[in-house]
Each structure stands twice: as structure tokens, then as C-alpha cells.
Amino acid sequence: MPEEIIIKNGYVIDPQQDTIEIKEIAVRNGLLVEPQDSSSANVTYINAEGCYVSPGFIDMHVHIFTGHTELGIDADLVGIEQGVTTVVDAGSAGYSDYAAFKEKVVEPSQTKVLSFLNIARRGLTSGLAELANMEDLMSIEEAEEIFKKEPSIVGLKARMSGSVVKNSGIKPLQHARMLADRLSAPIMVHIGNPPPHLQDIFPLLSKGDIVTHAFHGKKHGIMNADGELIPEALDALKRGVLFDVGHGTSSFSYETLMKFREQYDDSFTTSTDIYIKNYQSPVCSLMTTMTKLLELGIPLIEVVKSVTLGAANALGASDIGTLALGTKADITIFKIIKQRTILIDSEGVELEAKQILKPYMVLRNGKVVYHDESTNSKRARDNQ
């Protein structure tokens, strides 16, 4: 007899419908189904009163290759234990070490793990200047082989800042462009301190490519002195290049994000760039990053969409980030708790939040894999 779970009394956030409303969510044999009246003993009821119920959160920029890179942090620690059902490692592994990454991270983790493959063969396993030598870059033959073999790889990663590329300049991104065009895959491009400059980076990006760390507060960023996008960034947005938060240790500025939102209506995705050294501060978790956006005045439905449907679309994934019937039931249940907290961005700017997001329960493939019973149940407040 089919096993069924019914989640009731929660505020269901549907990013496809742009709605937040109290209704039931039903799961049968791991899939989302239409709720039906049932008195079967095989039905498990989850009372989500005081909580929000959402498609499973997606953090599309993490570093989880533990034991092989200096950045690595446990996937489940920053995944299901923080209310995140899918994480995407952003370039920790390359062609040469992806087998180890798959064995030690992808396969044993309860959290769904995807990956942007570093265009450098050894990823970040040999240090953080992986694009300094063009001879270390993955060949087209290697790229075609591994993309065909590994469905968990969703795109390429190129870190385009001076400390990474050294004297290679823009050449690694030109190589990534060639690979991406042959593979029909997106590139996630890290931007930071030049060279290369954004005026050289943006023209190489195509529809579906992702600029992570888009809202950093460093010099030579996406905004000019007048608080407007530099022409190359604006042109990139118009042709479908995506912007991603990618908080990180030094890559997210409240001021930059708010200047962007004051001028432009374009959506963006929200990710953490979380790793072992920024786990305690300033990043902490995806929900902490989301709390910062809420406190900046971004509506809850928009913040949730940026880590569900928006992220899934950026990854080209139709089976996550959604509450569509028939899809696998990856669900995040969370609370918004009144609690004054000081939250800092990567520039050290303090923001006093009046409330914080906290994970309450996580379902992966229709099964409860995380449940925090430490917080008292409170009725969710209207944050629509």
C-alpha cells in the first residue's frame, strides 16, 4: 500500500504561482500528489502550523570537497541540516579529481549534490591559483567525456580574478567559452579583483551563464560611480546572463545590492559561497543570507524564489525547486522567528535584523531527513 505524507496548516510558498497561502501538500511514494481525504493508517500527518512550506532550497554555490581542498565543508552540514535540499559545488573539483569527489561527496551525502566543474583539471585541490597556467586547463575531449558520464555536473566554473589567473588574463575564460559552446553548458563565472576587468569578462558571457559574487563591494564592480550598471553588465543582463549573490567571505555588499535594486527590476539567485572558514561568520547559512535580504526589504516570495525556482532554472533542472505535481518531494519547512540579530555583510557593515529564518523540517525524495524540535511553534506572521 502506498505510503503518504500530508503536510497541513502551513503557509505554502509556491514560486511558480507567486502565492503564499495555507493549504495542504501531499506526498505519495516520494512524489508530490494532489491532496485527498484519507483515513488510511499509512498516512503520516505533519502539522506545519506556524511554519512556511516551500520547495526544497537550493544553494548553488558551495565548497564541499572535504579532505581534498582547503575550503571544503561537509555537504550535509550546510545542506539538509540548514534546510537546504540541494547544494551545488562551485568548482572545487576538476576533471582529474571528480571521481574522488563523486565517491566521497556526491554519493554518501543525504543532500542532493550537483557540481559546476572547474575548467582547471585539478580544480582547487592544488591551491587557489588554478588558472595561472593554461596547460592545466581541461581539454575539449576531457570535457565531453566527463559531461557525458556524470549527470551531476551541471556546468563549468571559471574564477576570473587576478589572484587566480595571474598572468593568464582573460585567456582562461576564452577557453571556458569554447568548452561551454561545445557542451551547450552554462559557465558560472567568479568575479573579484581585476585583472581581468569586467569590461573584458562580460562580452564573453552568453544567455544562461551565471555571474557569481555579482554584488561585491570591491572596486571595479558592476556599478559605476553614479550608481548605475556599467554598460557591459547591462548588456549582459539584456541578453540573459544571470546574476548570483555568492556571499562568501569578501563578496557581498548590502550597498551594492540595494543600488542595483533601486535601478533595475532584474531577478537574481541567492547563494552562499560557504566553506569552512566563513561558516561561523559572515555567511553562516543560506537562511542567514536570506534573512539579510528580507531585512533589506526584499519580499519573502522573491527571496524564496531566488533559492528555488530561480536557482533550478539557472541549473536547467526541472525536478527541483518546484511544487509541481509528479515531481520528487524535496521540501523545506522553515520558521520566521522574532529575534534581534546583528548580521554583517562582507564589508563589515552591520544590519540589525528583527527576525531570522530557521529550518524546521526537511524532506528529500518524500522522506523526512531533518527535524528540528528545539524551536517553539509559533504562528507564522504575514511576510508576504
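The model shown is predicted, which means the values in this text are computed figures rather than measured ones. For the numbers below, each heavy atom of this structure counts, side chains included, while hydrogens, waters and symmetry mates do not.
- Residues I170 and V241 fall within the same hydrophobic cluster, defined by Ile, Leu, Val, Met, Phe, Trp and Tyr side chains chained together at heavy-atom separations under 4.5 Å.
- If you check the side chains of S271 and D244, you find a donor sitting under 3.5 Å from an acceptor.
- Side-chain contact check for F147 versus L117: some heavy-atom pair is nearer than 4.5 Å.
- The closest side-chain heavy-atom distance from L128 to L124 is below 4.5 Å.
- No hydrogens or angles considered: a donor-acceptor pair under 3.5 Å links the side chains of Y275 and T249.
- Comment: R261 engages E302 in a salt bridge, judged by a side-chain N to carboxylate O separation of less than 4.0 angstrom.
- Note on V154: it does not cluster hydrophobically with V105, by side-chain heavy-atom contacts below 4.5 Å among ILVMFWY residues.
- Using a 4.0 Å cut-off between charged nitrogen and carboxylate oxygen, E3 and R28 do not count as a salt-bridge pair.
- Using a cutoff of 4.0 Å between basic side-chain nitrogens and carboxylate oxygens, D330 and R364 are scored as salt-bridged.
- Under the 4.5 Å side-chain heavy-atom criterion for ILVMFWY residues, a single connected hydrophobic cluster contains both V211 and V245.
- Using a 4.5 Å heavy-atom threshold, the side chains of Y52 and V12 count as separate.
- Note that NZ of K305 and CD1 of I298 are 13.5 Å apart. Values are rounded to the nearest 0.5 Å.
- Between A314 and L242, the shortest heavy-atom contact is CB-CD1, 3.7 Å.
- Taking the six-membered ring where the residue is Trp, H197 and H220 present perpendicular rings, their angle passing 60° and hence far from 30°.
- More than 12 heavy atoms of other residues, nucleotides or ligands shown are found within 6.0 angstrom of NZ on K218.
- A single hydrophobic cluster is not seen to contain both V283 and M60; linkage of ILVMFWY side chains at heavy-atom distances under 4.5 Å, directly or through other members, places them apart.
- Proximity of P359 to Y370: side-chain heavy atoms (C-beta onward) are separated by under 4.5 Å at one or more points.
- The nearest pair of heavy atoms linking F260 to D266 is CE2-O, 3.7 Å.
- Ring planes of F215 and F243: perpendicular class, angle over 60° (limits at 30 and 60°).
- Once rounded to the nearest 0.5 Å, the distance linking CG of L357 with OG1 of T291 reads 4.0 Å.
- With rounding to the nearest 0.5 angstrom, the OG atom of S346 is 10.5 Å from the NE2 atom of H216.
- Q16 and T322 share a donor-acceptor pair across their side chains, judged by distance under 3.5 Å alone.
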Report task. Please step through salt bridge (charged side-chain N to carboxylate O under 4.0 Å, His left out) for the pair R122 and E130, ending with a clear verdict. Result -> CA-CA 8 Å; R122 292 175 291 176; E130 75 274 12; over 6 Å; no

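- Between T212 and H61, the side chains place a donor N or O and an acceptor N or O closer than 3.5 Å (distance only, hydrogens not considered).
- At least one side-chain heavy atom of D209 sits less than 4.5 Å from a side-chain heavy atom of R177.
- The cationic atom of K292 (NZ for Lys, CZ for Arg) does not lie both less than 6.0 Å from the six-membered ring centre of Y254 and within 45° of the ring axis.
- Residues L309 and I58 are members of separate hydrophobic clusters, defined by side-chain heavy-atom contacts under 4.5 angstrom among Ile, Leu, Val, Met, Phe, Trp and Tyr.
- You'll find the ring centres of F65 and F101 inside the 6.0 Å limit.
- Each of T85, V84, L286 was evaluated against T332; a single residue qualifies, T85, per the side-chain contact (heavy atoms from CB on, under 4.5 Å) test.
- Note that the CG atom of D59 and the CE atom of M290 stand 10.5 Å from one another [nearest 0.5 Å].
- Looking at N42 and E4, their side chains never come closer than 4.5 Å, going by heavy atoms from C-beta outward.
- For A48 against I7, the heavy-atom pair with the smallest separation is CB-CG2, 3.8 Å.
- Between the D273 side chain and the G246 main chain, no donor and acceptor come within less than 3.5 Å of each other.
- Within the 4.5 Å cutoff, the side chain of T272 has heavy atoms near those of the V62 side chain.
- Under 3.5 Å, the side chains of Y98 and S92 contain no donor-acceptor pair of N or O atoms.
- Pairing each heavy atom of G366 with each of I5, the nearest pair is O-CD1, 3.2 Å.
- A pairwise comparison of heavy atoms in H68 and K104 identifies NE2-NZ, 3.2 Å as the closest pair.
- Between the side chains of T288 and S285, at least one donor N or O sits under 3.5 Å from an acceptor N or O.
- Rounded to the nearest 0.5 Å, atoms CD (E24) and CG (N9) are 7.5 Å apart.
- You'll find the side chain of K358 reaches within 4.5 Å of the side chain of I356, heavy atoms only.
- In summary, E255 and K259 engage in a salt bridge, as defined by a charged side-chain N under 4.0 Å from a carboxylate O.
- Looking at S161 and H190, their side chains do bring a donor and an acceptor atom within 3.5 Å of each other.
- Here L234 contributes atom CG and N224 contributes atom CG; the two are 10.5 Å apart, rounded to the nearest 0.5 Å.
- Residues D14 and T19 bring no donor and acceptor atom of their side chains to less than 3.5 Å of each other.
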